[in-house]
Engineer: 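Following this message is one structure expressed as structure tokens.
Please read these numbers as outputs of a predicted model, since none were measured by experiment. In this chain, residues are counted from 1 in sequence order.
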Amino acid sequence: MHEVAEGIERITGEKVSHNTLWRLRTGKSDNPTKRVLEGLAAFFGVSPAYFFEEGESTGIRNQIELLSVLREAGIHGVQLRTFFDLSPAGREMVAEMIVRTAEIESSYRGDPGSSG
């Protein structure tokens, strides 16, 4: 909580106590001020709508999950940029290779539902 409180102050100039943030995180408080919401949004790089609109937060959660999967797989920005430089046919070919490789590995492991 200290890191977030310090980050909000650094980014926005607004002081938000780490205790306020802890109370929100633990559910001991459920009605943050506009200033706190704007600070949290600025710190996490999201729109304040993230805290209210399900579609907004779902989209951001999906992006975070994708970034996490890519990081765990050891895929870096340079590799992604190279992928997106491919033609649509080239990208489809790479995607098909990934799916087929996963199917083959799954069949070697004897995973249920494998098609190979």
Engineer: To the nearest 0.5 angstrom, please state how far the CG atom of N19 sits from the NE2 atom of H2.
Structural biologist: 9.5 Å

Engineer: What is the distance from atom CE of M97 to atom CD1 of I104, rounded to the nearest 0.5 Å?
Structural biologist: 10.5 Å

Engineer: Using a cut-off of 6.0 Å, state whether more than 12 heavy atoms not belonging to E9 lie near its atom CD.
Structural biologist: yes

Engineer: Is there a path of hydrophobic side-chain contacts, each under 4.5 Å between heavy atoms, that joins M93 and I75?
Structural biologist: no

Engineer: Are there over 12 heavy-atom neighbours, none belonging to R35, within less than 6.0 Å of that residue's CZ?
Structural biologist: yes

Engineer: Measuring from atom CG of L70 to atom CG of L80, what distance do you get when rounded to the nearest 0.5 angstrom?
Structural biologist: 5.5 Å

Engineer: Is it the case that more than 12 heavy atoms not belonging to D85 sit under 6.0 Å from its CG atom?
Structural biologist: yes

Engineer: Quick check: do S87 and R91 have side-chain heavy atoms less than 4.5 Å from each other?
Structural biologist: no

Engineer: Side-chain contact, heavy-atom cut-off 4.5 Å: F52 with L37?
Structural biologist: yes

Engineer: Locate the shortest heavy-atom distance separating A41 from S47; write the atom from each residue and the value.
Structural biologist: CB-C, 4.0 Å

Engineer: Under a single-linkage definition using a 4.5 Å side-chain heavy-atom cutoff for Ile, Leu, Val, Met, Phe, Trp and Tyr, are I11 and F44 assigned to the same hydrophobic cluster?
Structural biologist: yes

Engineer: Any idea which heavy atoms bring Q79 and G74 closest together, and the distance?
Structural biologist: OE1-O, 3.5 Å

Engineer: CE of M1 to OG1 of T26: how many Å apart, nearest 0.5 Å?
Structural biologist: 8.0 Å

Engineer: F43 pairs by side-chain contact (heavy atoms from CB on, under 4.5 Å) with which of V16, V4, L21?
Structural biologist: V4

Engineer: Roughly how far, to the nearest 0.5 Å, is the NZ atom of K15 from the OG1 atom of T20?
Structural biologist: 13.0 Å

Engineer: Under 4.5 Å between side-chain heavy atoms, counting indirect links through other Ile/Leu/Val/Met/Phe/Trp/Tyr residues: same cluster for V99 and L66 or not?
Structural biologist: no

Engineer: Is there a continuous path of hydrophobic side-chain contacts, each under 4.5 Å between heavy atoms, that joins L86 to F84?
Structural biologist: yes

Engineer: Compare every heavy atom of G39 with every heavy atom of I8, then report the nearest pair and how far apart it is.
Structural biologist: CG1-O, 3.4 Å

Engineer: Between K34 and E38, does at least one N-O distance fall below 4.0 Å, as a salt bridge requires?
Structural biologist: yes

Engineer: Report the distance from atom CZ of R23 to atom CG of N31, rounding to the nearest 0.5 Å.
Structural biologist: 11.5 Å

